[in-house]
Structure formats: structure tokens, C-alpha cells
Amino acid sequence: MKVTIEQALRKVLADLGAADVTFVVERPGDMSHGDYAANAALVASKALGRPPRDIAESLKVKLEEAPIPGVATVTVAGPGFINITLERERFSDTLSLIASAGPEWGANDSWAGKRVVVEYTDPNPFKELHIGHLFTNAVGESIARLFMMNGANVKRVNYQGDVGLHVAHALYGMQQLGMTPTSNFGARELGRAYALGATTYKQDEVAAAAIRELNKRIYDRTDATINDLYDAGRRVSLTYFETIYTMVGTRFDEYFYESEAGPRGLELVHSHPDIFPESNGARIFKGEEHGLHTRVFQNHEGLPTYEAKELALAKMKEERLGIYDHSVISTSNEITEYFKVLKCAMGFIYPELAAKTEHLGHGTVRLATGKMSSRTGDVIPALDFINEVAEAALEKMIAVGAINPDRDTATQVAIAAIKFVTLHGSILQDSVFDKERALSFEGDSGPYLQYTHARIHSVMEKATAAGISPSTRNAPEAPYEVERLLGYFPEVIASALKDRAPHQVVTYLTELAGSFNSFYSSERIADKDDEYAPYKLALADAVRTTLKNGLWVLGIPAPEKM
RNA sequence: GCCUCCAUAGUUAAAUGGAUAUAACUGCGGACUUCUAAGCCGUUAUUCUAGGUUCGAUUCCUGGUGGAGGCACCA
């Protein structure tokens, strides 16, 4: 609809002699202004040398001579806005469309036929997966799903740092704590081992040398005892991560490890000595020549750094997943500056890969006490946190007399609460971790959206039992506010991807749910004697589908009973 | 010192250069013999600062202040 209006306006603007001005058709801030508003007359004012309101009147006349299908009224308002309201029938049609589209409602084909690889989460085995990873996972997952809703064929990828100094820290700690490949240890013990190794490394020079030596053995795999301990730790860690991925609703298509990207990265560095010259025993990329800064790709011990590995990773993704059209790497914005250098270097080696690689930096989660650090053990483990929120959710469910006060539903509520607080604002911004907020299930929150969805489901069951079935045939004279909101959903999905802004979906769903709840409290839906009951039911169903699809994009489960 | 990002009610946020800056939380008040009260209705309060561009600036530009990240062998 938006596009139709844009085209019509462009045409009439051209008739007036202002073909080139760029204007927008958007949802007005205030719904009483209409369904769409255009600033065409305001922006054309200068080009035409006429007052905006005057131009708007001319446009209105022209639009009335050749009406846009589906448009009921065109009015001029304020400083020269053109406000457009749609015909009653358009809203009924939207309800029918939603009913037939089902899970496809909101989708578009702007990325159809395109293959997109999205890399995110990227935890380090042997270290704790903490709430920061939960944040990056929520962002990456929603970006992946937004691409899917926009028609792309998406592959999810997780890149895990299974080698590197942090692993040597953990292994050293494991040895000190007497952990063996066969001893029964879990992720918690690994986290403790890492913290011990990391602090020792900083405080004790002799131990530090031993840890560096350990690091080399991890890379070259020449010591069978170390290999066994390493393999056991890696296995425990990866299994632990997998239980968390399942909880938050992520399924990766492919896993990449630094242990495999490392050697490949080194090859690249060595085969391009002109791009990575030697300096102080290391191999570097001189970013200054390109307005950036210098980064080390191979350190003086001959080991590849993150940069070299990431370089190889770009190619490895194509080898394993096939040629892709676009690659998104979502990480915290600490990496942003490095990535510019990396991408610049990639441009010399794999220009075609560099051109389609996008780094999406997002804010970091910090604690009230400051930055989280797994080195000092100052982190909130993801699993503990999810469980804690789930506990609180269960208590809440019992307190409010929920229909389904079970552990499984409580976990789904917890996931919703957590994802909502991480995605409800711009992903660029850092967020201070606010436990109280995540534990609050009232007001704008994930559970609020879930509750609204479940409530609709319940009402629909009652209506069906009363013999009412949804129909859009007999519509009330004026569309309800919630009904008018429904039609914007596809535009929100398109815009949220374009701006890489999942929060637009959150904002929209929250408004939709609020509007529905107002409708719900003022109108009875499942009333046999109401001639509009079938229509209201169709409307409720459409809201349910929209909430469900929107929640899906956010990676939030939508239980039918809660 | 240099580079990047950020700054909106008491708090967390929203607002492709547009109309009276929008919600939620908190506080206070209210409705209901009714489909899930995790709900609904009412009420107070906001664009860091100084300039500039513009018919119009929370949005763009410049300076300042404050915060985060980065500036060669961690990721």
C-alpha cells in the first residue's frame, strides 16, 4: 500500500513539475491523522517556488481526479502534509490476507534467492558463556530471522575460540585443580580453572612462561597428556553451550573453530608477504596507509591472531556452505575498529569476499559494578541467569493463577523476558544489566507480548466452543485502532532488516499488543448475540498471527497457554 | 594525544529533517456480577551545552562537556 501511494504521488508531483524531489510516505505519528502521511508538498516547496499548503491542495485535487485504489480520503493538514485514509474494505481484506498467509504473514521477497551467512554468539570454549553472549545471541538470531522473513536463505554460523591463550589459562588451572580427563567436571569447574589460570598468568612470571609453553603444545598437539585433558575440556564446554543454544532457540548450521582457522590464516599471511610484511618478528598489516591503524596478523611466536583467523574464516564459510551473497558477522562493538582493518586487508586477498562481508557491531552488556570479566570470575553465567529468571517466572505464574504453571512454560517466559530487555532498544547502545527489569513481567515486556498472544488463543477457543467462527463479511462501520495497526507489519519487517534494527519489531509488537488489550477490555469478542462477533474473532486471530510471527522474528516463543 | 560510537521524563527506552516528542516502570487515583487482572482507564514529568544549516532540528554540521570502545603481538 505504501509503495502504491508513493508511486501515485511521484506521478502527480511530476505533473506539477517536481519530478526529482525525494519525499516519504509514512505512518503518521498520530493515528487520527490518517493511515499514511506524505511530506511531498513540503519538500517540493522550494523546487516549485510555491507555499507547501498550496502545492498540497494541487496534489490533493490531482489525486482525487485519478484516485488511488484503496484510498478513501485525501486531506491537507498542518504545514502541508497530505494525509491519506484507506477504505474500510482494505482493513477487512488485510484480515483475510493474514488468515490465508499464516506463518508467511509479514514476509517479503526482497532477498529471495539470496544466500546469507550470519555469524554470531562466538563464545570461547573453556570459558563461561555469560549474559553478554546471551545479548549477542539474541541480536544475531533476530538478524538471521529478519533475513529469512525478507526471503533470504540463511545459514547460521558459530565461530568458537577453542585455541589461544585463554585455553592455556584454563588448562593450567585444570592442572592446578587436579582435574583429569576422566574426573567428573562440568562447565562451572572449567570456569573456575580459567579464572585461576588467568590470574596466575598476571601475577606469577614463572607460571606465565609455563602457560605460554602450554599454549604452544595446544597448537602443535605434540603432548598426549595435554591433548587428552584439552579434548575432555573442549567436549564438556561445547556440550554445555549446546544446552544453552537449545534453550534460547538457536540452531547453528555450521560450527567453525579457531583451531582450524588458525593454520589457514597463517598460510594466507605467508603467501602474501607484500601485504603482511615482517616487523619486530611479527607479521603485520599497515592500516595507516589506508587511514586505519596497524594490526598484527601473526605474532612473534609464529601464532596467528584473531585477524588472520577471521581472514581464513571468510573463505572457509564458502567452502563449507557454498557461495554466499552476503555475510554478516555480529559481535560486540569492541571489535568494530579491528574489523575495519581486517576488511581492508581482506580486500587485497579476497576482494569479492570483502565486498559482501558486513560487520554488525552492537553494544555491550555491563554490570552495575562495571565491565564483566571472566578472568576475574566477575560474570553472570547465562544458564544460571536463565534459571533464576525462570524461577521467578514460575513464582509469578503461581501467584497470578496461571493456567499452565509448569517449568517448561516458565522457561519460555524467562527467554521472552531476557530477549525483550536485550532487543527493545537500539542494538548499538550499551546496556547496563538490570536484573530487576529482566525479572519484571509487567508493562512493556516479553511476557506481556506472550500473555496477549495466549489470551487471544484462549478467547478464540471459547468463541469456537460457542459456535462462532471467524469471518470478515460483516464489518463494523469504522475499523478498530488495532485493526489499522495490523497492516503495517510487513513494512516493519522490511524496515527492521534494512536498518538492522530488531527493536523496531519490538516497538511495533508492543504497540499492537497494547492496542489489542484496550480493544479487549472495551469490546466483548466471544458473544453469540453480537452480529460482529465473527468479525472480531477474525480480527483477534489476525492479531494472534501477527504477534506470533513477530515474536518468532525476535526468537521469542509464543506459548498458547500461560 | 588521535580515531570510532553514544548522550531524550526520576529510571529504561521510542521517534527515515516534519504536525502537540511517544511508551513502559515508579508515584497517586479509578473501573469491573462479563471472553486470562502478567490486563484496562486517568494523572505529573523529558531532547547535555553553545553556535550553525533549514520554512521546520531529538535527528544534519562545528566547538564544548560527560560516558563507552579502540590506537601492534588477547579475542
Side-chain angles (χ1 to χ4, degrees), chain A residues 24 26 28-30 33 37 39 42-43 45-46 51-52 77-81 83 122 124 127 161 164-166 169 258 279-287 291-301 303 305-307 309-310 331-338 340-341 361 363-364 366 371 375 393 396-397 399-403 413 421 424-426 428-432 434 436-437 440-445 447-448 450-452 454-463 465-466 495 498-499 503-504 506-507 510-511 513-514 517-527 540 561-562:
Chain A
V24 292
E26 61 186 354
D30 185 339
H33 292 144
N39 64 350
L42 291 140
V43 294
S45 169
K46 198 159 216 172
F81 286 98
N83 289 339
D122 297 0
N124 283 331
K127 288 172 75 172
L165 201 56
H166 66 278
H169 288 158
E258 281 188 42
S279 170
N280 297 332
R283 287 194 176 270
I284 63 166
F285 177 77
K286 290 185 176 163
L292 300 162
H293 63 272
T294 290
R295 304 277 332 160
V296 169
F297 278 64
Q298 176 194 316
N299 72 17
H300 70 272
E301 288 179 336
L303 298 177
T305 61
Y306 167 78
E307 289 82 349
K309 294 169 193 165
E310 193 70 40
T331 73
S332 127
N333 53 24
E334 292 167 324
I335 311 292
T336 301
E337 295 296 309
Y338 303 9
K340 287 180 189 161
V341 181
T364 51
R366 53 196 69 251
K371 198 181 164 184
R375 182 176 49 76
K396 175 82 182 180
M397 291 170 90
V400 300
I403 296 167
V413 171
V421 298
H424 87 292
S426 160
L428 288 176
Q429 231 159 331
D430 285 357
S431 59
V432 174
D434 184 348
E436 289 308 310
R437 205 170 180 83
S440 153
F441 306 121
E442 276 149 36
D444 287 357
S445 69
Y448 174 73
Q450 287 180 318
Y451 177 77
T452 307
R455 173 186 249 180
I456 296 172
H457 189 80
S458 164
V459 173
M460 291 199 65
E461 275 191 339
K462 289 246 160 66
S495 162
K498 216 168 116 259
D499 300 344
H503 80 267
Q504 292 180 9
V506 176
T507 305
T510 307
E511 189 182 3
N517 282 322
S518 294
F519 165 77
Y520 172 88
S521 59
S522 65
E523 299 277 340
R524 214 175 145 69
I525 297 167
D527 181 352
K561 286 185 166 56
M562 60 185 281

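All figures in this text were calculated on a predicted structure; none of them were measured in a lab. By convention in this document, chain letters (A, B, ...) are assigned in the order of the sequence lines, proteins followed by strands, and residues within each chain are numbered from 1.
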*Asks:* Check the interface with nucleotides 2-8 of chain B: list each N/O to N/O pair with the protein under 3.5 Å, or write none.
*Replies:*
| from | atom 1 | to | atom 2 | distance (Å) |
| --- | --- | --- | --- | --- |
| B:rU4 | O4' | A:Glu337 | OE2 | 3.4 |

*Asks:* Say you pick atom P in B:rG63 and the same atom in B:rG1; how far apart are they, in whole Å?
*Replies:*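 Their P atoms lie roughly 15 Å apart.
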
*Asks:* Using the ring-ring contact (aromatic ring centres under 6.0 Å, His included) criterion, which residues pair with A:His424? Sequence neighbours excluded.
*Replies:* A:Phe420

*Asks:* Who passes ring-ring contact (aromatic ring centres under 6.0 Å, His included) against A:Tyr520, sequence neighbours left out?
*Replies:* none

*Asks:* Quick one: which protein N/O atoms are closer than 3.5 Å to N/O atoms of nucleotides 40-45 of chain B? Pair and distance per line, please.
*Replies:*
| from | atom 1 | to | atom 2 | distance (Å) |
| --- | --- | --- | --- | --- |
| B:rC40 | OP1 | A:Tyr448 | OH | 2.9 |
| B:rC40 | O3' | A:Ser518 | OG | 3.3 |
| B:rC40 | O2' | A:Ser521 | OG | 2.9 |
| B:rC41 | OP1 | A:Ser518 | OG | 2.6 |

*Asks:* Could you run down the sub-3.5 Å N/O contacts of the protein with nucleotides 25-27 of chain B?
*Replies:*
none

*Asks:* Taking A:Ser332 for its side chain and A:Gly363 for its backbone only, find out whether a donor-acceptor pair lies under 3.5 Å.
*Replies:*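 Checking the backbone N and O of A:Gly363 against the side chain of A:Ser332, no donor-acceptor pair under 3.5 Å is found.
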
*Asks:* Not counting sequence neighbours, which residues clear salt bridge (charged side-chain N to carboxylate O under 4.0 Å, His left out) with A:Glu301? List them please.
*Replies:*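 By the salt bridge (charged side-chain N to carboxylate O under 4.0 Å, His left out) rule, A:Glu301 matches no residue at all.
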
*Asks:* Reading RNA chain B 5' to 3', how would its secondary structure be written in dot-bracket notation, given Watson-Crick and G-U pairs with both distances under 3.5 Å, brackets [ ] for crossing pairs and | for partners on other strands?
*Replies:* (((((((..((((....[...)))).((((.........))))....(((((..]....))))))))))))....

*Asks:* List the residues meeting side chain to side chain donor-acceptor pair (under 3.5 Å) with A:His457, not counting sequence neighbours, and say none if there are none.
*Replies:* A:Arg544, A:Glu560

*Asks:* Run the side chain to side chain donor-acceptor pair (under 3.5 Å) test against A:Thr510 and tell me which residues pass, sequence neighbours left out.
*Replies:*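 Side chain to side chain donor-acceptor pair (under 3.5 Å) list for A:Thr510, sorted by chain: empty.
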
*Asks:* Could you list the residues that satisfy side chain to side chain donor-acceptor pair (under 3.5 Å) with A:Thr294, not counting sequence neighbours?
*Replies:*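 If we apply the side chain to side chain donor-acceptor pair (under 3.5 Å) test to A:Thr294, skipping adjacent residues, the hits are A:Glu288.
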
*Asks:* Which heavy atom in A:Val296 sits nearest to a heavy atom in A:Glu307, and how many Å separate them?
*Replies:*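 Smallest interatomic distance, heavy atoms only, reads O-OE1, 3.4 Å.
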
*Asks:* Using a cut-off of less than 4.0 Å, is there contact between a side-chain N or O of A:His457 and OP1 or OP2 of B:rC35?
*Replies:* no

*Asks:* Base of B:rA19, side chain of A:Asn83 - is there a donor-acceptor contact under 3.5 Å?
*Replies:*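 By the distance-only test, yes, there is a pair.
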
*Asks:* Who passes side chain to side chain donor-acceptor pair (under 3.5 Å) against A:Tyr451, sequence neighbours left out?
*Replies:*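 Testing A:Tyr451 for side chain to side chain donor-acceptor pair (under 3.5 Å), a comparison that skips the adjacent residues, returns none.
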
*Asks:* Strictly distance-based, threshold 3.5 Å: is any side-chain N or O of A:Asn83 a donor or acceptor partner for the main-chain N or O of A:Ala37?
*Replies:*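 Side chain of A:Asn83 to backbone of A:Ala37, a donor-acceptor pair under 3.5 Å: no, none is there.
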
*Asks:* Hey, what are the protein-to-nucleotides 54-56 of chain B N/O distances that come in under 3.5 Å?
*Replies:*
| from | atom 1 | to | atom 2 | distance (Å) |
| --- | --- | --- | --- | --- |
| B:rC55 | OP1 | A:Lys46 | NZ | 3.4 |

